[in-house]
Structure formats: structure tokens, C-alpha cells
Engineer: 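Below is a structure I'd like to ask you about.
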Amino acid sequence: MAKELWKGNEAIAEAAIRAGCDCFFGYPITPQSEVPEYMSVHLPKAGGVFVQSESEVAAINMVYGAAGAGMRAMTSSSSPGISLKQEGITYLAGAELPAVIINCMRGGPGLGTIQPGQGDYFQATRGGGNGDYRTVVLAPSNVQETVDFVQEAFDIADLYRNPVMVLCDGLIGQMMEPIEWRPVPKRDLPPKDWAANGRMGRENQNSITSIFLDAEECEAHNDRLTAKYAEMEEKEVRWEEIQCEDAEVLITAYGTPARIALTALETLRAEGIKAGLFRPITLWPFPEKALHTLAGKDHIKAILDVEMSTTGQMLDDVRLAVEGQKPISYLGHAGGIMPTVEEMIEWAREALKEVK
Amino acid sequence: MAIVYQKSAGLTDKGLHYCPGCHHGIIHKLVAESLVELGLLDGAIGVCPVGCSVFAYKYFSCDMMEASHGRAPAVATGIKRTHPNQAVFTYQGDGDLASIGAAEIVHAAMRGEKFTTIFVNNAIYGMTGGQMAPTTLIGQRATTCQSGRTVEQAGMPIRVAEMLSTLDGCVYAERVCVTDIANLNKAKKAIKTAFQKQMAGEGFTFVEVLSTCPTNWGMTPLKANQWLKENMAAYYPLGVIKDKPISAEVK
Ligand SMILES: Cc1ncc(C[n+]2csc(CCOP(=O)(O)OP(=O)(O)O)c2C)c(N)n1
Ligand code: SF4
């Protein structure tokens, strides 16, 4: 198939249309505004609905309404806007509605910067909304993966009746890359016989709700959700291991830093330093077992977690997975400053000196 | 034996949880009857709020969704835009609509979303135990203004129907109450008109129903009825506030 040059954000929108997105609701925010812009032109032509909402709060609730009525619904935003969507996301999870949410992350906290960032890892994986819930979080590291994941996200959402987030950083949204529109894995999807889309002669009434005031009923609902999350943890976890078979130094990174790490790997290997990359693709479910096993291998001497965040967020999951088997260091930047190849190389040299 | 009265097919058999003398139940009945009489029930999709009517989805027999606090107009937008030929309505209290959901209702009206909002204004937060609402009258006591609402502290109460009627997208706004048969009939006519205009694709339609909360007002149901007529209706005038003719050209 021929390669085409696409800008990340526009490719996200086009991928959603190709995946049968029925409706899109969004609000402008840099660096993701090309998604609603593209949708406003192309989604109606494809027979879908585009509404520019008054806020991100409204956008996610429009998604709730459309998803509750059985539609494939999507919204996109960037960090501060995603904060506003958290209420809607917990309601989607609680009412078990499928939806696709794109976060084209920028730096924070507060208004922060419009430069790329990865400071929303906790918000995405722990759930910024209230209550016990999980969202599947897919973290692409290039435009090709982004378009593949956006298409797949709709199927994953429909299969589990759960919101799915595609978490990319602003760099991926703004970058142009050659991609191909290759087929993505399709799931066998159950009919949406639960949708509140008007009875139209249907025997039973359908209602969409997340309120369970009776204690037993509420616990049963939570138990059912927990069982669903356990199934997702088992079936949806994804990661990539690059040159890890003999690696002595292991870099953990997702999104853009994982791309940068690939260059560091090349240089290090050329120097004779055996370096590998462990790249979580689903941030939730986190590939905990895989990383635990890898970290336990004798050849791994030291681990470096690299993120576009100064405090280190995925670092917590890396530590939980590694369980103290090997020393872990952290390299992080914020404000749109990227971790560099040189920094990674320097760390690798130092780390090896220390353990040898 | 002839049947002279029957519960509307628009309502389920579930027993209502509302307090004695609360108007929510009467308003449910009027909405349900209107949907049935207009032949809209089967395709209808309703959105209930956070507030005492949070369980309205158990009472209406059409498909329903329970929205987060104040967001029902956004939820209804998502539904109606993707199901343009079906009757869609929101049912919201005054804390839900006029306070936390003020942005959502204003923008739905501005966009001329083709759904109907039934706004139940009881001048107080019922579900949470009688706190002040944006609609609480000056001098009216609530648990967060125990000596009565003052202008200095909280400003003047908001007249939502009048405010929304300034927006072109809002084609119909009427304020009604259900304190007696004459008003009940007017209320039903208003609700039916709103649904008819919705289905004719005219724009956003809004019916504000003044309602009682005997429990949190600290009154008997009869006293509450009387208080509504004497005090609420004095500040919130009853009647048609806006009825844009179908052919009105948008310039
Ligand atoms: C985000 C959020 N804030 C606050 C609440 C608590 N709460 C529940 S109902 C309600 C007020 C409802 O009052 P109103 O809309 O006037 O309806 P009524 O109960 O009087 O019918 C509030 C504040 C909530 N559920 N969610
Ligand atoms: S608290 Fe007030 S509004 Fe709520 S059910 Fe009772 S009377 Fe009705």
C-alpha cells in the first residue's frame, strides 16, 4: 500500500472517520485543534455529526449522550481540557459506555505550556475522575501507530463498553510522517442492545445510568466492573521489547521519548554497550509481568526510565513492576524540552561503571 | 365498567419516591401523557438530572439516560444530533439547570438544539436537603441562608425562561405551574406545544414549571401550594414568554 504524508492530528481525525466514528464533539485547544478542524470539514461529508461544544465538560457529555444512544462517539483535547473531561469519563465508565478520547498532551501543571509533555500519565492511568474505574490507555510513539490505535480504540471500547484513551504527546500530533492506511485487527463485537436509542417497539426500556444507591447493588456493580478490568488486564496488555535479549542497560519509555531512545540504542550498541528498550504500549493495563520478568534476567544490570515529566510518573509503575530487582534511575524534562540521546548515553555509561 | 381514568402508558409501574405534596410526580405525569398523546413515546429518549428526579429513568417508560449534574443539555445534544427524528427531552431541577449547568443550557439554547427542556423550579436544592439555589427568593430561608436570601450575599434570583428567550435558537419558552386544575391544563398544553415545535424542527423549546418542595420549605403540601402561588408566581410570572412564529426568518 502506498505511503502518504500525514500530520498527526489530522491523521487521528481521518483514522476515526475510517473506523466508523459517527460523531465528534470537541473544543479548541493547542496542540490538538487540527482534530476538530479536520472533523468539522470531513465528518459531515462521511455522514457523521460534528459539534463544537461550549467546553470540554459539554463535549464529553455530548459523547455520553451519543454513546448511550449506541453511536461511535469521540472527543479530543489536550491536557487542561482533559482535566475538564474527567467527570464525564468516570460517568462513561460507571454507565459502561464505549467512547474514544484523544489526549494530545502538553506540559503542565495549570495552563503550563503548549509544548509537548507527558505529565498526564497519572491522570490517564489512575483515572482523574472519582471512583474505582479504569480506562484502556494506548500510547503510540509515531503517527502510524497513532492511526492504527485510533481505529482499534473504537473496537476495544465497544467490546468492553468502556472508554478508551489514546494518549499521545503534542509532538506526535504536530508532526508529519509517512503512514499507510493498513487494516487493523477487528474484534467480534456484541450488538448494542443496551442502547437508549428509543424503544421503537422494543419490549423493554433501556436506561443508561451510573447511580446505585443500594449498597449491595452498588458493590455488585463495582464487582462486575472489576471483573471486566481484570479481563482487559489479561487480554489487552501490550508492550514492545527492542534489543532486550542481551541488554545490560534497559531504558523504559513511551511515546516520543521511546523514539529518541531508539537512536540512543544505536549509538550505544555501536560503542559496544548493550542497551535495550522496554516500551509499554498500553499504559493501562501496564505490562507489569513482562517488565518484572525482564528486569529479573541476569544480563539486565540497570534501568533508566525516561519521560517528558520532571517528577516521573510512569516511574511509579516501573518501580512496582521491577520490585527492587535492579537499580532504577530517572531522566525527565518538562516544558517541551526533550530528553536527549546524549543524556541517555551518558547515563548508560555511568550506570555500567557503577554496577561493574 | 368504563375506564374513566388510567395511568399514562408513558409511566412505568414503579412507585414514585417523591415526598408527599411534591410536584415532581405531577410533572412526570404531564410529560408522559403529552408524549403518548402526540404519538412520540415509542421513539422518545429522555435525560434526567442529578437532583430529586435522578431516578426519573425508572418512572418514564421510554428510553432514558441519567446525566451528571447540570450536563443534561449536553447529553441531549449528543442524542438529538445523532437521532434527529426522535423526541428528546431533558428534565432538570433549578440547582441542576440554573446553577451548575448554566453553561450547558445556555449553549444548547443558543445552538437551537431541537430538544425540549422541562425545567422544574422549586426555588431550592431538594435532594441535598434544602440549600439555597440561584432561584431561591429574596428573604426565603434555606440551610445555607438561614435568615433568608439577601441581595448583598447572593444577588437577585435568576429568571431562566426570560434569559433563554433572548436567544434566537430558543423558539418557545413558557412558565407554568401545577397548583390547580386550570394551571395543570395550561402546563400540559405548554409541554405538548414544546414537543410539537421540537418535532417540527423549529429549535430549542423550554417549559419552566414552578414546583413545590414541602419538605425543604418546611410546609404542609397545601401551604406549599399557596406559598408558590403567592410568592414564586409573583417573582416568576406565569405565561408564554416566547413563541417564535414558525415562519420567522432568521436574519
Ligand atoms: C458535581 C456534583 N455536585 C454536587 C452534587 C450534589 N447534589 C445532588 S442533587 C443537588 C441539587 C439538586 O437540586 P435541584 O437541581 O434544585 O433539584 P431538586 O432536588 O430540587 O429537584 C446537588 C447539589 C452532585 N451530585 N454532583
Ligand atoms: S425533597 Fe423536595 S423536591 Fe425532593 S422529593 Fe421531597 S419535596 Fe420533592
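Order of the sequence lines fixes the chain letters, A, B, ..., with proteins taken first and strands second; residue numbering starts at 1 for each chain.
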Engineer: Heavy-atom cut-off 4.5 Å, strictly under: side chain, backbone, both or neither for A:A195 against chain B?
Structural biologist: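 Only the backbone of A:A195 comes within 4.5 Å of chain B.
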Engineer: Would one find more than 12 heavy atoms of other residues, nucleotides or ligands at under 6.0 Å from atom CD of A:E219?
Structural biologist: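 Not buried by this count: 12 neighbours or fewer within 6.0 Å.
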Engineer: At a heavy-atom distance under 4.5 Å, which candidate from B:G78, B:A44, B:C62, B:A87 has the highest pair count against chain A?
Structural biologist: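 Of the candidates given, the most pairs with chain A belong to B:G78.
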Engineer: Heavy-atom pairs under 4.5 Å with chain A: which of B:A74, B:A76, B:G70 has the most?
Structural biologist: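 Option with the greatest count: B:A74.
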Engineer: Step through the shown structure and confirm whether more than 12 heavy atoms of other residues, nucleotides or ligands are within 6.0 Å of NZ on B:K189.
Structural biologist: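 Counting other residues, nucleotides and ligands, NZ of B:K189 stays at 12 neighbours or fewer.
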Engineer: Relative to each other, are the rings of B:H28 and B:Y91 parallel, tilted or perpendicular (30° and 60° limits)?
Structural biologist: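 Ring orientation, 0 to 90° scale: perpendicular.
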Engineer: How many angstroms lie between atom CE of B:M199 and atom CG of B:L38, to the nearest 0.5 angstrom?
Structural biologist: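 Output value for this atom pair is 9.5 Å.
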Engineer: Sort out for me which of A:S55, A:C23, A:A66 touches chain B most, counting heavy-atom pairs under 4.5 Å.
Structural biologist: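 Of the candidates given, the most pairs with chain B belong to A:A66.
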Engineer: What part of B:E104 is in contact with chain A, defined as an atom under 4.5 angstrom from a non-hydrogen atom: side chain, backbone, both or neither?
Structural biologist: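 Both backbone and side chain.
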Engineer: Using a cut-off of under 4.5 Å on heavy-atom pairs, state which of B:G46, B:G43, B:S61 scores highest against chain A.
Structural biologist: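 Among B:G46, B:G43, B:S61, the one with the most close pairs to chain A is B:S61.
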Engineer: Looking at A:T209, A:N204, A:V57, A:I60, which makes the most heavy-atom pairs under 4.5 Å with chain B?
Structural biologist: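 Answer, by heavy-atom pair count under 4.5 Å with chain B: A:T209.
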Engineer: Does atom CG of A:D214 have more than 12 heavy-atom neighbours from other groups under 6.0 Å away?
Structural biologist: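 Count over threshold, so yes.
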Engineer: Side chain, backbone, both or neither: which part of A:Y64 has a heavy atom under 4.5 Å from chain B?
Structural biologist: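 Contact with chain B: backbone and side chain both.
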Engineer: Less than 4.5 Å to any heavy atom of chain A: does that hold for the side chain of B:F55, its backbone, both, or neither?
Structural biologist: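 B:F55 touches chain A through side-chain heavy atoms alone.
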Engineer: So what's closer than 4.5 Å to chain B heavy atoms on A:F50: side chain, backbone, both or neither?
Structural biologist: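 A:F50 touches chain B through backbone heavy atoms alone.
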Engineer: Could you look at A:M200 and say if it's the side chain, the backbone, both or neither that has a heavy atom under 4.5 Å from chain B?
Structural biologist: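 Interface part for A:M200: both.
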Engineer: For the ring-ring contact (aromatic ring centres under 6.0 Å, His included) test, which of B:F206, B:F89, B:F204 pairs with B:F115?
Structural biologist: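 Of the listed residues B:F206, B:F89, B:F204, the ring-ring contact (aromatic ring centres under 6.0 Å, His included) partner of B:F115 is B:F204.
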Engineer: Can a donor-acceptor pair be found between the side chains of A:Y160 and A:E236 at a distance below 3.5 Å?
Structural biologist: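 On atom types as modelled, these side chains qualify, holding a pair under 3.5 Å.
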Engineer: Counting heavy-atom pairs closer than 4.5 Å to chain B, which one of A:G201, A:S53, A:S210, A:A95 comes out on top?
Structural biologist: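 The option with the most such pairs is A:G201.
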Engineer: Looking at B:I26, I want to see if its CD1 is surrounded by more than 12 non-hydrogen atoms of other residues, nucleotides or ligands under 6.0 Å.
Structural biologist: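 Buried by this count: over 12 neighbours within 6.0 Å.
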Engineer: Report the option among A:G68, A:G48, A:G70 that has the most heavy-atom pairs separated by less than 4.5 Å from atoms of chain B.
Structural biologist: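 Of A:G68, A:G48, A:G70, A:G68 has the most heavy-atom pairs under 4.5 Å with chain B.
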Engineer: Determine whether a donor-acceptor pair (N or O, by modelled atom type, separation under 3.5 Å) exists between the side chain of B:K242 and the backbone of B:T166.
Structural biologist: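 No, the answer is negative, given that no donor and acceptor are paired below the 3.5 Å cut-off.
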Engineer: Quick one: which of B:K58, B:K80, B:H107 has the most heavy-atom pairs under 4.5 Å with chain A, could you say?
Structural biologist: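 Greatest number of close heavy-atom pairs with chain A: B:H107.
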